[in-house]
Student: 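Here's a structure for you.
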Amino acid sequence: MSEPTAKQVAAKKLLFAAFLEGVAILAGLIAYFLTTNWVWLAIGVLGGLGFTLPAIITFVRASWEERNRASR
């Protein structure tokens with residue numbers, strides 16, 4: 001079996017990060033409905049970005065590296 005490429009590994013991490021972002025937003029929504037305070041909703045969204053933003057950066061860098069290797 002062949003070893004997965006860096007782009008494939010980054011894509012799996014991105015999918016997992018998207019799942020974690022959904023969980024964070026859902027937790028923010030639950031806390032909002034329990035307290036009627038908009039701060040919890042903002043915390044859920046910003047907390048979710050803490051998972052996905054680094055994963056997106058890693059995926060883009062892996063894509064660039066793969067593209068550069070293919071062009072050589």
Student: Tell me the salt bridge (Lys or Arg N to Asp or Glu O under 4.0 Å) pairs involving residues 41-65, sequence neighbours left out?
Tutor: Glu65-Arg69

Student: What residues join Trp40 in its hydrophobic cluster, counting side-chain heavy atom gaps under 4.5 Å, either direct or through other members?
Tutor: Val39, Ile43

Student: Using a side-chain heavy atom cutoff under 4.5 Å and only I, L, V, M, F, W and Y, what cluster partners does Leu34 have?
Tutor: Leu26, Ile30

Student: Which other residues belong to the hydrophobic cluster containing Leu49, where Ile, Leu, Val, Met, Phe, Trp and Tyr are joined when side-chain heavy atoms lie under 4.5 Å apart, directly or via other members?
Tutor: Leu46

Student: Only distances under 3.5 Å count here; give the side-chain donor-acceptor pairs of residues 8-19 to other protein atoms, sequence neighbours excluded, each with its distance to 0.1 Å.
Tutor:
from : atom 1 : to   : atom 2 : distance (Å)
Gln8 : OE1    : Thr5 : N      : 3.1

Student: Using the ring pair (Phe, Tyr, Trp, His ring centres under 6.0 Å) criterion, which residues pair with Phe51? Sequence neighbours excluded.
Tutor: none

Student: Can you list everything that forms a side-chain hydrogen bond (donor to acceptor under 3.5 Å, both in side chains) with Thr52? Sequence neighbours excluded, please.
Tutor: Glu21

Student: For a side-chain contact (heavy atoms from CB on, under 4.5 Å) with Trp38, tell me which candidate from Thr35, Thr36, Leu41 qualifies.
Tutor: Leu41

Student: Provide the full list of salt bridge (Lys or Arg N to Asp or Glu O under 4.0 Å) pairs with a residue in residues 36-59, sequence neighbours left out, each pair given once.
Tutor: none

